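To start, the structure itself, in structure tokens.
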Amino acid sequence: MSEEKSLNFIEEIIEEDLRSGKHSSILTRFPPEPNGYLHIGHAKSICLNFGLAIKYGGGTNLRFDDTNPVTEETEYVDSIKEDIKWLGFNWTKELYASDYFEQLFAYAVTLIKKGLAYVDDSSSEQIAAEKGSPTQPGIENKFRSRTVEENLQLFADMRAGKYADGEKVLRAKIDMSAPNMHMRDPLLYRIKHAHHHRTANDWCIYPMYDFAHGQSDSIENITHSICTLEFIPHRPLYEWCIEQLGIFPSRQYEFARLNMTYTVMSKRKLLQLVNENHVTGWDDPRMPTISGLRRRGFTPESIREFCDRIGIAKRDNLIDVGLLEFCVREHLNRVAQRRMVVFDPLKIIITNYPDTEELFPTEDNPEAAEKTYRHLPFTKELFIERDDFMEVAPKKYFRLAPGAMVRLKSAYIIKCDTVIKDENGNVTALECTYIPESKSGSDTSGINVKGTLHWVSAKHAVNVEVRLYDRLFRSENVAAEEGDFKDNINPDSLQVIQNAYAEPALLQSDLQERYQFLRKGYFCLDKDSTAEKLVFNRTVTLKDTWAKETRKA
RNA sequence: UGGCCUAUGGUGUAAUGGUAACACAGCAGAUUUUGGUUCUGUUAUUCUUGGUUCGAGUCCAGGUAGGCCAACCA
């Protein structure tokens, strides 16, 4: 296999590091905060971090960045682990920043002893004011000149619980006039008398991100610490801490996060959608979460393929959600079981067909290397899709119309003779005749029809519920929209068809299997299904060039 | 009125000083017992102004545009 796919900029750095001998192997990490569910943007990062380790023969740690007990929960830890595994990746070690609290505390003491950190009694408002602004340098306050001994004592007292939340903080002593705001004496520790999901009540002071992340990387000997662009201004601080502490020099590299059309990608906004019941939960099939996509019927393969195709770079991007849909169609076309389901039934009566039934074999998947077949019961009363019939058909319409002929998939060619209407003029049924010589597989009729319709035998039809999803937001670039993003929610993102008619084979469905409802789209069984009623989620529609054609007209 | 990052078809991503390419989307056609799939063809790209060079998407300088940074969040 000699595919010469070009390297992204991180792969180039790694190859150079390996070539130069800077590293003999690599170690990456995926560092989620357990305060929400993973989404497709995380999938990009997961595929990158784990993919790199697989490609270059290294490892990837799963490290929960759990330094803020107020927002973090075990439920999120569990969901994150499940999602990563489902995506198909295995971590080298499962770790927690909270595992390092004692070590991080010791690092802080080291900084204090070197005169590089101090306890500040100021309020958060005061600290913010003294910090200045991007265009205005900050000012140094009186606490900055405390002695090492005093700082040591105060910091120990902070840990001992002598102070209330917000009463004191530990800050690095760097440069209050630095052009980079993050270097203006950043906070290292704050007091939070809060229960932590792992350390319980052992601690009442917690390290900030900047004093936990880099050091955790270093403790684990992470060689390449890959994060998103907004952490670029943190890098000087990341390196400052490592240098002052004299610990293993992990290096941080930044790539552009994923943005997708018609989608929001921030945990804060996703949490809002869940809490305010705009969706049914984190795994609502309309959510861009991994669990939502999973429930919707997306496959790990298709998500990995998507992440591969979008690439890794440093410029802001807005990926067309259509690319994700392309990837899942591409995979599902290969693996999905074909089934016939009529969403909006129109009865047809085949007047010249006897009162018996026939069984027609039909392929489960025409793309499969080894074909399997199931049998469709055929009777004189069938359902077809209502919009597969038009009383007055336009040119190029090759479905059913008065006097027109179509093939019923895997069965006979039929001709529409009579349109039956109720007193209001609504079409209630069609009387048709079939061509006995046109039997599928042994057609001697010589008749060529352009259209093939899906159908179910009325007598054998199974009632199922079908949920059709559309994009959750109306605007292509939701983030660029003014005002509350929730004003942009698509009110028609879910359409439920309570009584669709399915072929009997669908009764043997299971949650793992993927289906293509012929001419309709790809579907999967939903966990809401009961013994009385099966529920199917539409993953994605089939490409519909006819719909496009009619839209143009 | 500071610092940092980034500018390549509609959307992404390549081209590593030497013919601007690939995918998705679009358009046109062929095949098709899914208006699916598959196949063929095709439209369309280097932000701008200078400079260096035999040669610049690539290097340098200025400009412009977009993004990020002033949470006791990560």
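As the structure is a computational prediction, the values presented were derived from the model and not from experiment. So that the names make sense, note that chain A is the first sequence line, chain B the second, and so on, each numbered from 1. Any value given below was found using the heavy atoms of this structure, including those in side chains, with hydrogens, waters and symmetry copies removed.
In RNA chain B, stems built from 3 or more consecutive Watson-Crick or G-U wobble pairs, each with both distances under 3.5 Å, span B:2-7 with B:64-69, B:10-13 with B:21-24, B:26-30 with B:38-42, B:47-51 with B:59-63.
Note on ring orientation: taking the six-membered ring where Trp is involved, the planes of A:Phe383 and A:Tyr501 are tilted (angle from 30° to 60°).
Proximity of the aromatic rings of A:Phe9 and A:Tyr253 is defined here by a centroid distance below 6.0 angstrom, and this criterion is not met. Under the 6.0 Å cut-off for aromatic ring centres, A:Phe378 and A:Tyr353 qualify, their centroids lying closer than that. Taking the six-membered ring where the residue is Trp, the centroids of A:Tyr434 and A:Tyr412 are separated by under 6.0 Å. Note: A:Tyr76 and A:His197 fail the aromatic proximity criterion, with ring centroids not under 6.0 Å apart. For A:Tyr238 and A:His234, the gap between ring centers reaches or exceeds 6.0 Å.
Comparing A:Ala256 and A:Lys548 by the nucleotide of RNA chain B whose heavy atom lies nearest to each, the residue mapping closer to the 5' end is A:Ala256.
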Sugar-phosphate means primed atoms, P, OP1 and OP2; the rest is base. With that split, encode nucleotides 68-74 of chain B 5' to 3' as B, S or - using protein heavy atoms under 4.0 Å. SSBSBSB
5' to 3', nucleotides 7-12 of chain B under a 4.0 Å protein heavy-atom cut-off (B base, S sugar-phosphate only, - none) gives SB--SS
Just by protein heavy atoms under 4.0 Å, how would nucleotides 28-44 of chain B read 5' to 3' in B, S and -? S----BBBBS-------
Tabulated below should be each protein N or O lying under 3.5 Å from an N or O of nucleotides 58-61 of chain B; please produce it.
none

Table of protein N/O atoms under 3.5 Å from nucleotides 62-64 of chain B N/O atoms:
none

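Note on A:Ile413: nothing from the nucleic acid sits closer than 4.0 angstrom, heavy atoms only.
With P as the reference atom, B:A15 and B:C59 are 12 Å apart, rounded to whole Å. Going from the P atom of B:U58 to that of B:G2 covers 27 Å, rounded to whole Å.
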